[in-house]
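Okay, so here's the structure we're looking at.
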There are 2 protein chains.
Amino acid sequence: MTSTESLTISELSACCTPIARAPMDATSAERLARSLKALADPARLRLLSIVASHEDAEACVCDLTEPLGLSQPTVSHHLKVLVDAGYLNRDKRGTWAYYSLTPNALDSVSGLLSNL
Amino acid sequence: MTSTESLTISELSACCTPIARAPMDATSAERLARSLKALADPARLRLLSIVASHEDAEACVCDLTEPLGLSQPTVSHHLKVLVDAGYLNRDKRGTWAYYSLTPNALDSVSGLLSNL
DNA sequence: GCAGAATATCGATGACTGTCAATCCAACGG
DNA sequence: CCGTTGGATTGACAGTCATCGATATTCTGC
């Protein structure tokens, strides 16, 4: 029956406690890790915070470059990462690009963390 | 009074919306980013999940190496990162090392995310 | 159309990170 | 004591990332 390794498991519980519920599978872990990696940078956290602290949760790049003390290409790069990860929306109106928070994006990832 | 740049701010609101509340400062962003970086890895997320899914939220290394498909030194490295970040506690009893979840550690970081 | 301004993209570079093989350090059993 | 076993540490290597200067793109006002 090609069962070459069926019975060796019963003796492995020497040092370990039993499992209560199923742990996270590999692909879910990969997805969540990608979402978290997009957040795990001080510049990007401050970008999100600055956008969130605007009255209508919207801000343009010119408003974001100076308070971070980073160059404009770097800020643009971080904004792209946040948009690709689904945390920000980009809306180009005329010459300026306005970034706004995606509703519930942060809440959903923090919810995933709470019940790991 | 060395105020060489005091009044040029009033004309900057050409493209930008006003600020409602103060954004996150640089040091808080740095701290939160470090906490998130410790989580932003699929192997580490699965480690936390496996520990959490044990009945008493405790597991030893021998129980963690195999389901991840990673070498023992790599698992040990990830566990150290999680301990240093405050998510896990290490308790060496005899030959084995038992890892347990730090209470409220995940909840506190997810709370910080929710009200950015 | 053209000059200028606001952003995005590209290329390069230095720093950091995940992984493993090899080794080391305890603790236990005989 | 000594071999064995669980686990941590070290060193090396490949891949990723944050950052910037330079350049490209796109829109506006004239």
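Naming: A, B, ... by sequence-line order, numbering from 1 per chain. Keep in mind that this is a model prediction, so the values were computed, not measured.
- With C:dT9, C:dT7, D:dT19 as the choices, the nucleotide that has an atom nearest any side-chain atom of A:T74 turns out to be D:dT19.
- Out of C:dA6, D:dG7, D:dA18, the shortest distance to the side chain of B:A97 is found at D:dG7.
- Side-chain N or O atoms of B:S49 include one that pairs as donor or acceptor with a backbone N or O of A:M24 at under 3.5 Å.
- In this model, the phosphate group of C:dA8 is approached by a side-chain N or O of A:R90 to a distance below 4.0 Å at OP1 or OP2.
- Listed nucleotides C:dT19, C:dA8, D:dG7 differ in distance to B:C60; the shortest reach to its side chain belongs to D:dG7.
- Residue whose closest nucleotide on DNA chain D sits further toward the 5' end, between A:K37 and A:T95: A:K37.
- The distance from atom CG of B:L70 to atom P of C:dT17 is 18 Å, rounded to the nearest whole Å.
- If you measure from atom CG of A:L68 to atom P of C:dT7, you get 15 Å, rounded to the nearest angstrom.
- A donor-acceptor contact shorter than 3.5 Å is absent between the side chain of A:T65 and the backbone of A:Q72.
- Nearest nucleotide to the side chain of B:S76, out of D:dA8, C:dC20, C:dT19: D:dA8.
- Between A:P73 and A:D41, the residue whose closest nucleotide on DNA chain D is further toward the 5' end is A:D41.
- For D:dA8, its base sits under 3.5 Å from the side chain of B:Q72 at one donor and acceptor pair at least.
- Rounding to the nearest 0.5 angstrom, the gap separating the CD1 atom in A:I50 from the OH atom in A:Y99 is 14.0 Å.
- Nearest nucleotide to the B:H78 side chain, out of C:dT7, D:dA8, C:dT19: C:dT19.
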